[in-house]
Amino acid sequence: MNKIRKIALISIVLLGLFSILFTIFLFYDDSDFILRNYSSIIKYSISDGYELPKRNIDVLSYELKLDISQNEKSIKENAKIKLIAFDKTEKNIELDFYDNFEINYVKIDGKNALYEYENDKIEISRKDFNSDTLTIEIDFYGKPQNLGFGSFWFDEKNGKHLIATLNEPVFASTWFPCNDTPWDKAFTKISITNDSSIVSLSNGKLVYKFTKGKRRTYVWESNYPVATYLVSIYSAEYKNFNQKYITKGDTLSLEYYVLEENLENAKKDFAKHPEYLKTLSELFGDYPFIKEKYGIAEMLWQNGAMESQTITAIGSNFISGMNFYESMIIHELAHHWWGNSVTPKTWNDIWLNEGFATYSEALYYEKTSGFDALKSTMSSFKSKINSESGQILSNPGTNLFSATVYNKGAWVLHMLRKEVGDSLFFVGLKAYYNDFKYKNAEIRDFKKVFEKISNRNLDKFFNQWIFEGSGFLELEIKLSEKVISKNEIELKIDIKQIQTGYENYHFPLDIELEDSSGNIKNMTSYIKGNTTLKYKLKNRLKNAHFDKNNWLLAFIETEIYR
Ligand SMILES: [Zn+2]
C-alpha cells in the first residue's frame, strides 16, 4: 500500500475532515507541481514550444555577485561569464538576458566592449577580441521580472522577506545573462549579499561568508556543471538544521532551511532523507553531488517544489509535519539523478526528467514496501492520464508539465521494464545513468543504451509509446468457449485494440485463466494487432484476468460469452 494513502486514510478516520482530504487527493499529484495543465498559471510562454537558441558558444562558468535590496525589491548584480566562442568569424556573442535592467558596463577580458541590449537578448561585439575563450562581464541593476512560474520573487510573510528563484524552463535570464538552454551546463560561483539577519543559499558548497556592517555575504560554489534552469538563490531569515548521510567513506551534508514556524514540522517531514538517499543510490548509482550537499529551502510559492541543483525548494504548504507530501520529497531528490546530473538536451526530452523522477517514487515504495506498493502507486498514476490531449511524449510542446509527461512518462518506464525484463531493466538504467552523468542526454541516447543492453531493436516500443503514439492502449477482450469433448474445452480469446491515439501496439499481455475446478493457468502472450488466442481447458472457464499485476498502460474491458 502506498504510504501516503495509508496516512491519509487514518487521518480521515481520526479527523473526519473528508472535504479537506478530498481536496488534497484532488490536487496532490506526486510531483513537482500540484496544479496540472498549468498553462493557466504560467505567466509567460513561448507559443511555438521552447525553441532553444543554437549558438556557437559553450559557457564554462558563471560567477554572479548579487546585492539584494529587499525594501526596493531590486538587485545590483555583476555577472562574469567565461565561455568558448567557437566561431571567430561571428561579429557578436549573444546571450539571453531580459531587457528590463540598467547596464553599468559590459567588458570582455577586462576591457570595455560594445553591446546591444534589446528583445531580451544582449549582443556583445567581439571585435578586437581574438581569443576563442573569453570572459564577459556585465554589471547591471534593476528589478527582476516574475515570469514563467515566477522566476524571481521578493515575497513577504508576516513582515519578513523571502527571496526565491524558479527558472524552469527558460527564465534564468530574468536575473542573470546566460545561454538559457539545458544543453549548456556550466560551473557556478554565486555570491549573495543581504541584511545581516538573512541566510542566503545557492547551488553547491558554501565556500565562505562574511559580514560587513549591517550586510552579510554568502558565497556558494558548484564544481559540478549546472544547467541554467537549476541555478537558484534563496534568501530569508531561515532556521537551519542538518543531517548526515554516510556512504562508502563519503559523508554527504544534508542541510535544511525553513522559516521558524515550520521548523518542527520540517524536522519530521525531512527526517527520512538518509533512507531515501540509500534506496535511490542502490537503484541508480551514487548520489551525484556527494562532494557538495543535498539541501532543501522553503519558499512561498505554493504550487509545489523545484529540484534546483543541491538545493530543492519546497512551498510552505507542503511542510505538514505528517509526511503528507513524502512522494514529492522523493521526487525532487530523484531529480538529482534524472535532470540535474543527466540533463535533457532539449525540452522535448523532458520525459527523461519527469517520467523518471515520477517512476522513482514508485520504485522507492516498491523497494521499501514491496510489490503491492508498486502496483498501487502505478494505479494512482494511471488514473490521472487523459488521452484527449493527443500529446506525444517526445514532443510535449509548451505543456512540459502535463500528466502525459509525468504519469504516462512513469508508465512507459514501467512497461519498458516488463518488455526487457527486471534484471536488464535495472542494469540498463544504471548503465544509462553512468554513461550520461554530469552531461546531457536525449531520448534516443536512452533508447540506444537499452537496445545495446537487451540486444534488441526497440523501434516499435519507442515509436508506439514515445515518438508517435499518444494516450494509452484500450482493449476489448471477448472470451467464448466451445465444448470439444467431456474433458476438453476450447477457449477463444478475441483481443481488439480500440484506442484512438495509435493504431497497433505490440505488447506482452499477462493472462490468468481459472477453470471451474479451481485450476489456474498463467501465461504471457505477446500481442501484435488484433488477435485471437486459443487455449485448451479441461473444464469450463470460471474467471479470466488480464494484466493482473498492472504492467500495461491499458484500459481493458472483458466480456465472457457462455
Ligand atoms: Zn519533477
Side-chain angles (χ1 to χ4, degrees), residues 4 27-39 41-42 50 148-150 164-172 182 203 226-232 273 276 280 283-284 287-289 294-297 299 301-315 317-318 325-344 346-365 377-378 380-381 384-385 391 393 396 398-414 429 433 440-441 443 446:
I4 285 147
F27 290 106
Y28 175 52
D29 226 329
D30 307 80
S31 56
D32 314 278
F33 304 113
I34 292 305
L35 298 170
R36 285 293 182 206
N37 299 316
Y38 62 86
S39 14
I41 63 159
I42 195 160
Y50 293 94
F149 289 117
T165 55
L166 199 170
N167 306 339
E168 197 177 17
V170 289
F171 301 102
N203 312 99
V226 193
T228 53
Y229 80 93
L230 296 165
V231 175
S232 63
H273 270 94
Y276 307 147
L280 298 185
L283 283 165
F284 312 136
Y287 172 73
F289 309 106
Y294 183 70
I296 298 186
M299 62 176 169
W301 188 70
Q302 302 303 1
N303 294 312
M306 176 68 206
E307 68 272 18
S308 298
Q309 190 156 309
T310 71
I311 184 79
T312 284
I314 187 165
N317 286 357
F318 308 105
Y325 301 99
E326 183 180 54
S327 64
M328 179 189 273
I329 286 169
I330 294 164
H331 180 106
E332 304 312 322
L333 178 62
H335 269 307
H336 281 68
W337 284 262
W338 313 124
N340 300 13
S341 178
V342 182
T343 305
T346 74
W347 290 115
N348 278 341
D349 301 304
I350 194 168
W351 170 59
L352 302 174
N353 282 15
E354 297 305 347
F356 284 53
T358 306
Y359 194 47
S360 299
E361 300 166 31
L363 292 178
Y364 174 82
Y365 288 118
T377 309
M378 294 316 292
S380 77
F381 294 159
K384 287 158 195 151
I385 303 169
Q391 199 179 23
L393 208 41
T398 51
N399 198 1
L400 296 180
F401 306 95
S402 64
T404 300
V405 172
Y406 282 71
N407 295 16
K408 178 178 170 179
W411 262 98
V412 171
L413 282 170
H414 190 57
L429 208 53
Y433 175 67
N440 293 85
I443 294 174
F446 178 74

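We count ligands from 1, going down the list as the structure has it; atoms in each ligand are counted the same way. Both backbone and side-chain heavy atoms feed into the values below; hydrogens, waters and symmetry mates do not. Being a predicted model, the structure only gives us computed values, none of them experimental.
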field: W411 and Y359 aromatic centres sub-6.0 Å
entry: no
- prompt: Can we call the ring centroids of F356 and F446 under 6.0 Å apart?
  reply: yes
Pair E332, T312: side-chain N/O donor-acceptor within cut-off below 3.5 Å: no
message: Quiz question: by atom type and distance under 3.5 Å, do the side chains of E307 and H331 form a donor-acceptor pair?
response: no
message: For N/O/S atoms only: which one belongs to H331 and is nearest the Zn ion (ligand 1)?
response: NE2
field: Atom name in H335, limited to N/O/S, at shortest distance from the Zn ion (ligand 1)
entry: NE2
- prompt: Does the shortest distance from the Zn ion (ligand 1) to an N/O/S atom of E354 fall below 2.8 Å?
  reply: yes
